[in-house]
Amino acid sequence: MPGGDRPTEGPPPLPRGWVRHPRERMLITPIVAGLGGMIAFFVVVAIVIWLPIHTFDPPPSTDWAPLSSVALKGRALFAQNGCYVCHSGYTRPQDVRQSLYFLYPKVSQPGDFWGKDQSPNLLGTERTGPDLSQESGWHPDDWQRAHFYDPRFVDPMSLMPDMKSLFSDEKIDQLVAYVEQRSGKSGLLRYAGQLYAKHVVLVNQGFPEPYRGFQGAHKPIVEANGKGLHPPSAQLEEAPNLSQIDRSYWLSGDPLPVTEENLLRGKEVFLQRCVGCHGLKGDGKGPAATFMSPPPADFTDKDDACCGGDTGPGDFYYRILRGWPGTAMENFGDRLSVDDIWRVVLFVKTIPNKTLAKNRLPVPSDYIVWQPTKELLAWVKSHQKLANNADFVKKPVTGPFLQEAMRVFPGLAPGDSMRLNDGKTQLSIQSAAGGIRALYEDMLNRAWSDARARGEKLPDPMQKDIPPTVPGQQ
Ligand code: HEC
Ligand code: HEC
């Protein structure tokens with residue numbers, strides 16, 4: 001070929017002193033890439049999942065308690081039915097600050113989730129419904145059953161699906177047991193308080209135990225058995241009821257004026273929140289009522305509205321704010337504003353005048369003014385003395401059982417002693433604390449022996465003897 005400087009075939013010549021790189025095959029073949037990817041993946045899995053599971057083993061917290069075998073079966077139902085998809089199972093610090101005394105009384109600790117009966121964990125992430133790690137004891141079992149049968153029965157605005165498919169006696173009782181016993185020792189203590197209060201309310205008002213299992217969906221509303229309900233002489237008939245209301249509320253009035261606006265807003269609140277139990281007519285015959293004992297209060301009686309011993313505006317306010325332990329009456333303290341509670345109290349006092357009728361605007365002349373009776377005034381005078389008035393004196397109470405008794409019977413002062421309306425059963429803050437302690441210890445012992453029978457690892461027996469706490473109430 002003419003022209004001497006044309007390159008010949010093959011690679012171009014290299015500058016002097018350079019060495020040609022040997023020809024090589026590319027190293028990142030699909031197999032190498034696949035293998036490398038797998039190694040990277042498993043290293044991450046090992047660090048993020050395997051290592052924590054096998055090295056993070058916090059000791060049980062002082063609040064930890066095992067689950068009874070019935071509750072453990074309920075836990076399986078909780079998992080199978082995807083409850084954890086809407087309900088997380090751990091309380092964060094910001095939850096506790098948001099609602100101090102209801103549902104989120106304490107921040108969860110790693111040691112609260114110790115033990116085999118907590119595995120696989122049901123922590124969840126979504127909070128479509130409230131976190132349920134501290135649910136135990138806030139509501140009695142009859143509330144839980146009505147709520148599972150149809151959440152709209154107790155909360156007309158609820159979006160929770162109904163659990164009618166679980167309504168065989170066994171299953172629903174297992175689920176209720178789990179919800180009521182899952183919150184460690186402090187939850188068992190609260191549940192013991194709820195059970196004790198139920199006992200007191202039923203004996204005092206003369207009602208039978210609520211239906212178990214799914215019976216509540218099919219039976220008529222329970223009636224008082226009227227067995228010798230004679231209040232002991234010299235004791236106000238409503239005294240045991242008042243013992244569940246902080247004394248400072250016994251005679252307080254409603255701070256809001258009786259205006260059309262306030263009454264109308266009160267009616268709206270009643271229709272949105274209360275009709276599932278108290279009924280569209282306010283007669284206590286809402287769809288949830290058949291599950292409950294005692295059944296929801298009937299507001300249609302004029303005499304009760306004007307002159308009842310425990311139907312003053314302050315009493316109603318306190319019950320709606322904090323609930324009525326031992327009954328299904330629930331705590332609206334962190335769902336309704338203070339003013340809305342006072343407004344619904346105003347409205348309830350118009351119900352005997354048929355203000356719940358459709359398209360009926362409640363007006364101030366419908367409002368029934370409440371007057372304390374002579375007997376009530378005398379009772380209050382003898383029980384609101386500053387010297388023995390627990391509300392004002394607020395001595396620090398030590399001992400969880402006494403604290404829980406005071407939470408459930410906030411109207412009892414340490415020196416008080418009364419009889420329930422069966423004429424026999426004694427009620428005092430000390431006897432309540434003793435009863436709550438017995439119930440608590442019985443449940444804890446049963447859970448421990450169940451866990452031992454299941455062959456589970458249990459902590460040092462000393463852990464069991466560490467007393468429970470009443471979080472958020474000190
Ligand atoms: C679609 C979401 C969703 C699912 C699934 C769900 N819930 Fe709920 N749950 C809610 C909502 C929202 C509330 C709050 C309104 C109410 O009280 O019904 C609630 C409330 C509750 C409460 C009452 C909390 C309280 O004290 O106020 C309990 C107990 C409860 N759920 C248990 C369960 C159980 C057990 C399951 C499974 C069988 C379940 N939930 C499935 C959304 C859900
Ligand atoms: C889950 C059912 C339920 C819901 C919801 C409910 N209540 Fe109740 N309520 C009860 C029960 C049960 C009682 C106890 C009756 C008894 O022991 O005699 C009660 C008692 C009361 C009392 C005390 C009555 C008295 O004579 O001392 C008032 C006041 C009251 N409820 C108002 C309300 C208001 C207002 C709402 C709505 C914001 C409401 N309740 C929602 C079940 C419920």
Side-chain angles (χ1 to χ4, degrees), residues 74-75 77-87 102-103 122 124 126-132 134-140 142-144 146-148 150-163 165-166 171-172 175-176 178-180 182 197-198 201-202 204-205 207 210 224 238 241-242 244-245 266 269-279 282 284 286-289 291-299 301 304-305 308-313 315-321 323-324 326-332 334-336 340-341 343-349 351:
R75 188 177 192 273
L77 290 171
F78 194 91
Q80 283 159 15
N81 289 280
C83 310
Y84 62 88
V85 177
C86 286
H87 292 290
F102 179 57
L103 271 185
L122 294 178
E126 296 302 311
R127 285 159 197 256
T128 310
D131 183 90
L132 291 184
Q134 301 299 315
E135 167 72 3
S136 304
W138 287 116
H139 304 287
D142 52 350
W143 185 97
Q144 294 287 357
H147 180 256
F148 285 141
D150 188 338
R152 261 68 54 200
F153 279 9
V154 301
D155 179 353
M157 294 193 293
S158 175
L159 56 69
M160 174 164 146
D162 72 58
M163 296 295 153
S165 61
L166 295 178
K171 281 191 184 162
I172 200 61
L175 191 61
V176 169
Y178 173 58
V179 169
E180 296 285 29
R182 71 178 294 190
K198 173 72 88 195
V201 169
L202 291 183
N204 186 53
Q205 299 188 9
F207 282 103
E238 291 86 357
N241 284 352
L242 289 174
Q244 292 196 272
I245 296 173
V269 170
F270 194 87
L271 290 175
Q272 278 176 354
R273 306 268 183 185
C274 321
V275 289
C277 294
H278 291 287
F291 287 89
M292 291 166 185
S293 187
D298 173 0
F299 296 124
D301 184 15
D304 205 32
D310 67 336
T311 63
D315 298 336
F316 277 12
Y317 176 82
Y318 192 80
R319 300 229 129 120
I320 301 166
L321 182 82
W324 184 345
T327 83
M329 178 62 201
E330 54 184 277
N331 173 325
F332 288 92
D334 40 45
R335 285 174 289 168
L336 291 176
D340 275 355
I341 298 180
R343 288 185 183 112
V344 75
V345 169
L346 288 182
F347 173 71
V348 166
K349 293 276 175 203
I351 292 179

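Both ligands and their constituent atoms are indexed starting at 1 by order of listing. Quick caveat: nothing in here was measured; it's all calculated off a predicted structure.
Less than 2.8 Å away from atom 8 (Fe) of ligand 2, the protein contributes these N/O/S atoms: His278 NE2, Met329 SD. Below the 2.8 Å limit, atom 8 (Fe) of ligand 1 has as protein N, O or S neighbours His87 NE2, Met160 SD.
To the nearest 0.5 angstrom, Leu103 atom CG is 8.0 Å from Asn331 atom CG. The distance from atom CZ of Phe78 to atom CG of Leu166, rounded to the nearest 0.5 Å, is 12.0 Å.
Using a non-hydrogen distance threshold of 4.0 Å, Thr128 registers as a contact of ligand 1. The closest approach between His147 and ligand 1 falls below 4.0 Å for a heavy atom of the residue. Heavy-atom separations between Tyr178 and ligand 1 are all 4.0 Å or longer. Trp143 counts as a contact of ligand 1, since one of its heavy atoms falls under 4.0 Å from the ligand.
Ligand-side atoms of ligand 1 in range of Met163: 37 (C), 38 (C), 41 (C), range being under 4.0 angstrom from any heavy atom. Using a 4.0 Å cut-off to heavy atoms of Leu159, the atoms of ligand 1 that qualify are 12 (C). For ligand 1 and Asp155, the ligand atoms under 4.0 Å from any heavy atom of the residue are 15 (C), 16 (C). The ligand atoms of ligand 2 that sit less than 4.0 angstrom from a heavy atom of Val154 are 1 (C), 5 (C). Counting atoms of ligand 1 from 1 in the listed order, those under 4.0 Å from a heavy atom of Phe78 are 35 (C). Residue contact check: Met292 has heavy atoms under 4.0 Å from atoms 1 (C), 2 (C) of ligand 2.
A donor-acceptor contact shorter than 3.5 Å is absent between the side chain of His147 and the backbone of Phe153. At distances below 3.5 Å, not a single donor-acceptor pair connects side-chain atoms of Glu180 with backbone N or O atoms of Ser136. Judged by distance alone, the side chain of His278 and the main-chain N or O of Ala297 form a donor-acceptor pair under 3.5 Å.
In Asp310, the parts holding a heavy atom less than 4.0 Å from any atom of ligand 2 are both the side chain and the backbone. If you look at Met157 next to ligand 1, there are no close heavy atoms at all, none under 4.0 Å.
Of the listed residues (Gly312, Pro295, Pro294), the one carrying the non-hydrogen atom nearest atom 15 (C) of ligand 2 is Pro295. Nearest-heavy-atom check against atom 24 (C) of ligand 1 across Arg127, Glu135, Gln144 picks out Glu135. Here atom 28 (C) of ligand 2 lies nearest to Phe299 when heavy atoms of Phe207, Phe299, Phe332 are compared. For atom 18 (O) of ligand 2, the choice among Gln205, Arg335, Gln272 with the nearest heavy atom turns out to be Gln205.
Under the rule for a ring pair (Phe, Tyr, Trp, His ring centres under 6.0 Å), Tyr84 has no partner lying at least two apart in sequence or in another chain. Checked against salt bridge (Lys or Arg N to Asp or Glu O under 4.0 Å), Lys171 has no partners two or more places apart in sequence or in another chain.
Protein heavy atom nearest atom 25 (C) of ligand 2, with residue, atom name and distance: Phe316 CE1, 3.6 Å. Summary of contacts: the protein heavy atom closest to atom 27 (O) of ligand 1 is His139 NE2, 3.7 Å.
Minimum heavy-atom separation, Asp162 to Asp150: CB-CA, 4.0 Å. Here the closest heavy-atom approach between residue Cys277 and residue Ala289 is recorded as O-CB, 4.4 Å. Minimum heavy-atom separation, Ala79 to Leu122: CB-CD2, 4.0 Å. Between Pro210 and Asp142, the closest heavy-atom pair is CB-CB, 3.8 Å. Pairing each heavy atom of Asn241 with each of Trp324, the nearest pair is OD1-CZ2, 3.6 Å. In terms of heavy atoms, Phe270 sits closest to Gly282 at CZ-CA, 4.4 Å.
Annotation: cation-pi pair Arg335/Phe332 present, NZ/CZ under 6.0 Å from the ring centroid and within 45° of its normal.
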